Number of protein chains: 2
Amino acid sequence: MDQVPGTPSLLRAINDRTALQLLSEQGPLTRARLGALTGLSKPTATQLMDRLEAAGLVEALPGEGRTARLYRVRPGAAYVAGIDVTPARLRVRLCDLTGEIIAETSLATPRREVKDAVDRVREALTEACAAAGITVPQLNRVVIGLGGAPDPQTGRIRYAPHLPGWHDPNLPARLRSELTGQNEPDPAVDVENDVNLAAIAEQSLGVTRKGAPLECRDFAVLWIGDGIGAAIVIDGRLHRGYTGGAGELGYMPVSGQPLTRNIRRNVNGGFQSIGGAPAVLKLARSKGFSGSDAATAVRRAAEAGPLGTPLLQELAERLAVGLAPLVAVIDPELIVLTGAMLQAGGEPLRELMTAALHDIVIPRPKLVLSELAEAPVLAGAIESALAQTKQELFDNTRRGNR
Amino acid sequence: MDQVPGTPSLLRAINDRTALQLLSEQGPLTRARLGALTGLSKPTATQLMDRLEAAGLVEALPGEGRTARLYRVRPGAAYVAGIDVTPARLRVRLCDLTGEIIAETSLATPRREVKDAVDRVREALTEACAAAGITVPQLNRVVIGLGGAPDPQTGRIRYAPHLPGWHDPNLPARLRSELTGQNEPDPAVDVENDVNLAAIAEQSLGVTRKGAPLECRDFAVLWIGDGIGAAIVIDGRLHRGYTGGAGELGYMPVSGQPLTRNIRRNVNGGFQSIGGAPAVLKLARSKGFSGSDAATAVRRAAEAGPLGTPLLQELAERLAVGLAPLVAVIDPELIVLTGAMLQAGGEPLRELMTAALHDIVIPRPKLVLSELAEAPVLAGAIESALAQTKQELFDNTRRGNR
DNA sequence: CGAAAAGTAAGGAAACTTTCCTTATTAGAG
DNA sequence: CTCTAATAAGGAAAGTTTCCTTACTTTTCG
């Protein structure tokens, strides 16, 4: 039920909101242009800008004399951080409200030392903030991506046996309260599955973004790197699932493999036992391709022309078998392929996978390679943090001015 | 982007809309009560009622003198029809705008006579309308449910080999233009998958409805009767998939079965070859239960106590194998079981399925039997038609009064 | 110098709120 | 049983908020 009555002040809230949205999407705008885009009249647009400027969310670009003044979102109105957690290290990226990167650092995980996750996050953030010339309490939101899925009910992180130090059941609460000193504001902290963040990145910056030739609001992302995972976007929104486990295909039973029972105890079986890195590395060796890891071996096969086809064909068929249930269940318009192994397989693997998939299920989604070569998880974390932050700033403006 | 500028008349549209929503959800209301529910003041609520009454959408209940007048949605402001298409017959239900059933008829399909689908729909609707004392052009919307999936792009019906006469590629267009005479308005016609309609019925009237103990906005419906199908509701909205094939699990490859290639030619294999009616009937016979159809055999097993357990256990394990990919992909909060065979299996089968499913996938959704014993597809068709019709009436009011 | 664009001011329209008044019903006291 | 006071409904008038239109001034640029 809409508890919000349609009172006139609701209008201003709506208009302020769309104005800020437009400013952050389309860059600097004049008052007149903003009026045209929102559908509001010139005087109203002026009032609106004055309000937003007074609230500190918007600033005028320095202009000479009485030329049309350009306004933009004030970069320093908020800062956000994205963190990509892998077993080897924590990568941190800091951005201002416009999405400009203001610092990027990396904190390696020392061998054999299992440090508390909260301490490591604090350390990493402090270092990055120092590099950017701001402080941790100035951050509005921190989004942490990792190879696991936080349960929305409990906050506990599941599916992440490879990340020691991240299984404290109070982790979400502690991250929200122990990052800063006593009297300083705490940034909001979200923990999110890394593949989900990659999907957010695809939707705001990648192949499915607005305006791209493959723009779409219903798609899946298949990530195969060290692990296997999928993310699902439905109607433009990420679908996490009730326990946060949507798209966790690694343990899903697949055709051609014997059924694994007592799944919570058995770590083998399911899709990962035919498509996971160890299985693929073994397959590659049996087909005559070697490498230190599966992605390397696959890359060699993809670059070997016809010689690599037997390996790629077998791999494509295995992956299609894992993708088939996803296609039958949600019938996506598009599946974006990413992660080290799929990137390594490149176009040859993509083509073979498409053919193999279309042979075993009835819907025929397009398969495309991700174009986000560089740090999709970090990019998604930043996008997610910015989206949330903007939302909050809009709402605060509204409340403050009522 | 919101192209609608936040002009004051937008407010009235919003308020009119929520008012009608409240009236149709909560039954007759006084002006004062409506004001309280919407958060609007008394005078505004009065104006609003006057507008809606003038537009013919609302009427005052006859009241004596100066007691508080009760207003309700005017039943005759719109009529809708739902049709459940099965190979044996067409069932038609007619309702007024308040959802009251005003007629219900059935049209048997003559043997060996493949009549055009449009003709049969027209015939069925004409008969039902005559019984209700209205005419076909008075219908605002007709929703047709059948065991197949219309492709949203093309409108063609797929996955429905059992319905001859329904494969005309122009069917959607013809249904929209050939049901009435030349100068009469045509009702809007939607063709929808029957399991999807059952899911809509669950959400508005069944176990997941608002206020029910198991209310939820993310769930799946598993339907096993003559065929196998699933429907997926995410964030309260039905997910149909890009080609309309979401939840078509029948042809999905499953663990323990050999992979079926060239799926568009081969009609065997996949989930239906272990969980479909013929396979289950065969299984039942091998376990000593007979019956004219699979549901009957399963019912006997469910009523046989421990004697039936071997059959039910095997059946539960098969169905769990088919459900596992759905759970791994979307991680629903709840799965509603319905359709003749699952209803026949009842609580014993549900329990065994729950245990079998929890043994092979990590998320543990609740499995519940549908409580909609009577014609869920028809109920869903009516609900769907009413929802759409209300939407349209609201918008018309807005436009008309602007 | 004149036209176009940007900013500003004033008056008006649409929607909602608050406040007050009248009228009818209802409950309780005599 | 009758009268009176409280309560609730309906309605009218005045005031707010938000936006729009129109008209005017200032500045830039051809």
Side-chain angles (χ1 to χ4, degrees), chain A residues 2-20 22 28-55 58-72 394 397-402, chain B residues 2-20 22 28-55 58-72 394 397-402:
Chain A
D2 252 359
Q3 241 182 335
V4 183
T7 170
S9 68
L10 177 67
L11 284 187
R12 209 175 55 180
I14 293 174
N15 289 331
D16 282 11
R17 222 195 119 102
T18 58
L20 269 171
L22 285 166
L29 296 173
T30 68
R31 292 156 120 102
R33 182 103 189 87
L34 184 74
L37 287 173
T38 54
L40 296 174
S41 69
K42 212 169 35 154
T44 306
T46 297
Q47 284 180 16
L48 202 156
M49 281 292 202
D50 291 346
R51 266 203 308 278
L52 294 181
E53 195 173 11
V58 148
E59 65 183 8
L61 289 178
E64 339 78 55
R66 189 145 172 146
T67 35
R69 254 175 286 167
L70 278 173
Y71 289 80
R72 65 168 178 191
F394 299 165
T397 314
R398 165 160 44 140
R399 227 173 296 137
N401 280 354
R402 208 182 255 187
Chain B
D2 252 359
Q3 239 181 337
V4 183
T7 169
S9 68
L10 175 68
L11 285 186
R12 207 174 57 180
I14 293 174
N15 289 331
D16 282 10
R17 222 195 119 101
T18 58
L20 269 171
L22 285 166
L29 296 173
T30 67
R31 292 154 120 102
R33 183 104 187 85
L34 184 74
L37 287 173
T38 54
L40 295 175
S41 67
K42 211 173 34 156
T44 306
T46 297
Q47 283 180 15
L48 202 156
M49 280 293 202
D50 291 345
R51 268 202 307 277
L52 294 181
E53 195 173 12
V58 148
E59 66 183 8
L61 289 178
E64 339 80 56
R66 188 144 176 150
T67 37
R69 253 175 287 167
L70 279 172
Y71 288 81
R72 65 168 179 191
F394 299 164
T397 314
R398 166 160 45 140
R399 226 173 295 137
N401 279 354
R402 210 184 254 186

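Being a predicted model, the structure only gives us computed values, none of them experimental. Here is the naming used below: chain letters follow the sequence lines, and residue numbers restart at 1 for every chain. Below, all heavy atoms of this structure are taken into account, side chains as well, without hydrogens, waters or symmetry copies.
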When the distance from [atom1] of [X] to [atom2] of [N] is rounded to whole Å, what number comes out?
X     : N      : atom1 : atom2 : value
B:L29 : D:dA8  : CG    : P     : 17 Å
B:I14 : D:dT18 : CD1   : P     : 15 Å
B:L10 : C:dA14 : CG    : P     : 16 Å
A:L48 : C:dG7  : CG    : P     : 14 Å
A:R31 : C:dT8  : CZ    : P     : 6 Å
A:D50 : D:dC19 : CG    : P     : 13 Å
B:E53 : D:dG10 : CD    : C1'   : 14 Å
B:Q47 : D:dA9  : CD    : P     : 18 Å

Q: Sequence neighbours left out, what passes side chain to side chain donor-acceptor pair (under 3.5 Å) with A:R33? Give chain and number order.
A: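 For A:R33, no residue satisfies side chain to side chain donor-acceptor pair (under 3.5 Å) once neighbours in sequence are set aside.
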How many angstroms lie between [atom1] in [X] and [atom2] in [Y], if you round to the nearest 0.5 Å?
X     : Y     : atom1 : atom2 : answer
B:N15 : B:L20 : CG    : CG    : 11.5 Å
A:E59 : A:R72 : CD    : CZ    : 4.5 Å
A:R17 : A:I14 : CZ    : CD1   : 9.5 Å

Please pick, from [options], the nucleotide with the shortest atom-to-atom distance to any side-chain atom of [X].
X     : options                : answer
B:P43 : C:dT18, D:dG11, D:dT21 : C:dT18
A:R12 : C:dA15, D:dA12, D:dC19 : D:dC19
B:R69 : D:dA12, C:dA6, D:dG10  : D:dG10
B:K42 : D:dG11, D:dT18, C:dG7  : D:dG11
B:L11 : D:dC19, C:dA15, C:dT19 : C:dA15

Q.
So A:L22 and A:L34, do their side chains get closer than 4.5 Å, heavy atoms only?
A.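 Yes. Closest side-chain heavy atoms under 4.5 Å.
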Q.
Taking the nucleotide of DNA chain C with the nearest heavy atom to each, does B:A45 or A:A32 sit closer to the 5' end?
A. A:A32
Under 4.0 Å between a side-chain N or O of [X] and OP1 or OP2 of [N]?
X     : N      : answer
B:R33 : D:dA9  : no
B:T44 : C:dT17 : yes
B:N15 : C:dC16 : yes

Q) Between the axis at one end of the helix from C:dC1-D:dG30 to C:dG30-D:dC1 and the axis at the other (five pairs apiece), what's the angle to 10 degrees? A) 0°
Side-chain polar contacts of residues 40-49 of chain B - donor-acceptor pairs under 3.5 angstrom, sequence neighbours left out - could you list them?
{"residue": "B:S41", "atom": "OG", "partner": "B:T44", "partner atom": "OG1", "Å": "3.0"}
{"residue": "B:T46", "atom": "OG1", "partner": "B:K42", "partner atom": "O", "Å": "3.1"}

